[in-house]
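Note that the coordinates shown come from a computational prediction; the quantities given were computed from them, not determined experimentally. Only heavy atoms go into these numbers, but all of them, side chains included; no hydrogens, no water, no symmetry mates.
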Protein chains: 2
Amino acid sequence: MTKRLTTIKDIAKTLGISVATVSRAMRDTYDVSAETRKLVLDTAAKMNYRPNFNATGLVKSGTHKIAVIIPAITNYYFSTVITGIQEYALEHNYQVMLYLTNDSAYWETKVVRELSLSSVDGLLACITYETADFSHFQELIEADVPLVFFDRVPESVSTSVVVQDDYTGACLATEHLIAQGYSRIAHLAGPRGLNLTQQRLQGYLDTLKKHNLESYGVIHSGFSDENGRHDMGILFNSTSKPDAIFSVNDRKAFGAILWLREQGILVGEEVGVIGFTNDPISKIITPSLSTIAEPAYEIGRKSCEVLIKHIQKQSYPVQEISLPTELIIRASTQRGADFNTFNLSKKR
Amino acid sequence: MTKRLTTIKDIAKTLGISVATVSRAMRDTYDVSAETRKLVLDTAAKMNYRPNFNATGLVKSGTHKIAVIIPAITNYYFSTVITGIQEYALEHNYQVMLYLTNDSAYWETKVVRELSLSSVDGLLACITYETADFSHFQELIEADVPLVFFDRVPESVSTSVVVQDDYTGACLATEHLIAQGYSRIAHLAGPRGLNLTQQRLQGYLDTLKKHNLESYGVIHSGFSDENGRHDMGILFNSTSKPDAIFSVNDRKAFGAILWLREQGILVGEEVGVIGFTNDPISKIITPSLSTIAEPAYEIGRKSCEVLIKHIQKQSYPVQEISLPTELIIRASTQRGADFNTFNLSKKR
DNA sequence: AATAGTAGCGAGAACGTTATCGAAACCAGA
DNA sequence: TCTGGTTTCGATAACGTTCTCGCTACTATT
């Protein structure tokens, strides 16, 4: 098919030395004189030599590849995490293989099971919101395959995880709503069973309790803006309507804002909305969305770092890393100012 | 490190047959009886056998992997393209390796040059907007490495490309602005040198000419909303101000809308804005953005399909595929209605 | 009964690299 | 001159798989 590439043998032949010497020279190890080393390196460059990773991978078990298994990449959070993973990996000479599960547990198990362990050194995974059976991951752990979870992590398997501090973030969000004078607070929650859903819900509930407030409703559903929009209809159909919404993520909060605008309800003034992520859209939407910022890029880098450390020495202890979040205050939780029209109709 | 995996030899030994027979049985080829085949397959499953891709890759040249080289993934278009690539690849038993260049020509050449050709069967690339020297790609082509470009394609190298119809899309956008009654039209253009920048600019210019209109300004810069915002300041600083903006992409159009809003200029009513991409944000921003929809997902699938065909038979002819775009009319190019306030302050 | 053909299997080389071991060459000290 | 130590290098086996051959046994044909 493609032209034959130059191998270590070719170099050895043209130089009249053995392949062993060439191999040693390439890797800058012991037992090779400075002259021959330079000679080998020069002719290797001249002959446009590239190492064959299949061969090296065969003899030393270990490809320099890691697999990233993730529900999707078409949103701010995931794409930013991947960017962090990618950069850390490349800096440390690892290559990343990407697998999208499309939030399907079927695809996830299929990918994980069929993933030939001879083709990657380790796995970085973020589970789907359907995943209830973790046996496919358990098998990997029992086979001593390095594995770290990020963002959405299972509770039952014992391996390293890297997440943002979901609980504290939810507390910050709820505290902020209360401080702004909202008291009838509802929560647009994520899919049940996900650790992150539980953590954010718990932070919300605990903060309400601390202030002797009652929840004005919790609805579990998916992460899309359409989910948010739909759930708002249900929430506001009751007799006791909320005056503020804490959404499990920004996308659902966008749906909430869109719904409120359609209903002619003033966002901020009448109903406060706060999200979770700090998606760039939150700055663009009208009114701009207050939110809890997640360190997506750092989560990518950190989880990749932990994985590579696990790969490089199996004695590396299991980590449970939680990165801090931050409250970002924008217009959607402000009263008093008419942020809704946002100068849109003001003439020069 | 990790536990020793079961190999074809282990299966042969426990069954008392030769490795050759096992190998043939696994691949369902000739010269093996139905009984032994079943026997081999059963014990392979029982022993949890996984093929070692390093070994197969060594003997048959050909890993089932493709490399995707892309400037970034943290935006709608690129992440959607990747999703399409990924899905087509997985369906056809190829695995994708991801490389982000971060729009740096330095990183691009580094990645392409260091990419061991023994570890991938082909490349899918979208160049950075800095890339002026294409020798790193030229080398691959000369080495007969399958390579296809998508979206941002170089003109000088002769290989398959998959793009959207940028020229016609730009014509559609400009025609639409004119049809809506705008006549003083300016263009927020992309970085110079990119084919897509040239195509969209040309479509814009040709359509103006067709209607005997003059351009009210063309400014080249990057793709970010910040670029768009900045360029608007320049555009409106002249004595002859435009009454409509055609932006090379949606992100810059968002910047333009934000800038207009800050200036108290009514978007749509006073100044029309149209983008290019159909980023989901275009539905969320106020007013919603008219745009030219790109078939990002299909471009991903199609370019992956072309690449795999190139890999599978080297006689496959070079393709130049251009996928159609579509005009999406929203509020930012409508006059008459007060879309800017968008019911925001309307009480129930 | 002799031959030819075929189905099923095994032995061994090969892919490109690294690791182990030993050999050669050189040098220093006695 | 001999011994011992170091430095530098080569031969060879291994990694797990596929591929090419050749061998055996069986069936069909004459």
Side-chain angles (χ1 to χ4, degrees), chain A residues 1-41 43-44 47-65 93 116-121 143, chain B residues 1-41 43-44 47-65 115-121 143:
Chain A
M1 174 112 10
T2 68
K3 270 182 210 156
R4 218 182 72 76
L5 305 159
T6 64
T7 73
I8 222 174
K9 284 185 188 170
D10 301 326
I11 300 176
K13 198 179 291 173
T14 62
L15 251 51
I17 58 178
S18 79
V19 289
T21 308
V22 176
S23 171
R24 278 185 294 240
M26 300 294 306
R27 283 170 299 141
D28 193 11
T29 52
Y30 60 106
D31 270 9
V32 56
S33 72
E35 309 141 72
T36 51
R37 206 174 90 75
K38 181 166 161 40
L39 198 62
V40 167
L41 258 43
T43 55
M47 295 174 75
N48 198 26
Y49 168 77
R50 299 290 153 81
N52 185 318
F53 289 153
N54 284 323
T56 59
L58 233 199
V59 37
K60 337 163 41 152
S61 295
T63 64
H64 259 222
K65 298 183 180 61
N93 251 292
S116 176
L117 301 184
S118 57
S119 66
V120 297
D121 290 350
Chain B
M1 174 113 8
T2 69
K3 270 183 210 156
R4 219 182 72 76
L5 304 160
T6 63
T7 75
I8 222 174
K9 283 185 188 173
D10 300 326
I11 300 176
K13 198 179 291 174
T14 62
L15 251 51
I17 59 177
S18 77
V19 291
T21 307
V22 177
S23 172
R24 277 185 295 239
M26 298 296 306
R27 283 170 299 140
D28 194 11
T29 51
Y30 60 107
D31 269 10
V32 58
S33 73
E35 311 140 72
T36 50
R37 206 176 90 74
K38 182 167 161 39
L39 199 61
V40 167
L41 258 44
T43 55
M47 296 175 73
N48 198 25
Y49 169 78
R50 297 293 151 82
N52 186 317
F53 289 154
N54 283 323
T56 59
L58 232 200
V59 38
K60 337 162 42 151
S61 296
T63 65
H64 259 221
K65 298 183 181 59
L115 194 66
S116 176
L117 301 184
S118 57
S119 65
V120 298
D121 291 350

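- What separates CD1 of A/Ile11 from P of C/dG16 is a distance of 12 Å, to the nearest Å.
- Rounded to whole Å, atom P of C/dG16 lies 11 Å from atom NZ of A/Lys13.
- Across every non-hydrogen atom of A/Thr21 and A/Ser18, the tightest pair is OG1-OG, 3.1 Å.
- Listed by chain and number, the residues in a side chain to side chain contact (heavy atoms under 4.5 Å, CB included) with B/Lys60 amount to none (sequence neighbours excluded).
- Between atom CZ of residue B/Phe53 and atom CG of residue A/Leu58 there is a gap of 13.0 Å, rounded to the nearest 0.5 Å.
- For the helix from C/dA1-D/dT30 to C/dA30-D/dT1, the terminal axes (five pairs an end, C1' atoms, rotation from four pairs onto the next four) enclose an angle of 60°, given to 10 degrees.
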> B/Thr7 and B/Asn52: side chain to side chain contact (heavy atoms under 4.5 Å, CB included), yes or no, with the steps?
Replying inline: CA-CA 8 Å; B/Thr7 75; B/Asn52 186 317; over 6 Å; no

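- Evaluation of the side chain to side chain donor-acceptor pair (under 3.5 Å) rule for B/Lys9 yields no partner, not counting sequence neighbours.
- For the residue pair B/Arg27/B/Ser23, the side-chain donor-acceptor check at 3.5 Å is satisfied.
- Taking atom CG on B/Leu15 and atom C1' on C/dC9, their separation rounds to 13 Å, with Å as the unit.
- Take B/Thr14 and apply the side chain to side chain donor-acceptor pair (under 3.5 Å) test, not counting sequence neighbours, and it matches no residue.
- In terms of phosphate contacts, A/Ser18 brings no side-chain nitrogen or oxygen within less than 4.0 Å of OP1 or OP2 of D/dA11.
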> When every nucleotide of nucleotides 12-18 of chain D is labelled 5' to 3' by its protein contacts under 4.0 Å (heavy atoms), B for base, S for sugar-phosphate only, - for none, what sequence of letters results?
Replying inline: ---BBBB

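- Here the P atom of nucleotide C/dA11 and the CD1 atom of B/Ile17 are 11 Å apart, to the nearest Å.
- Not a single side chain to side chain donor-acceptor pair (under 3.5 Å) links B/Thr56 to another residue, sequence neighbours left out.
- The side chain of B/Thr36 contributes an N or O atom lying less than 4.0 Å from OP1 or OP2 of C/dC9.
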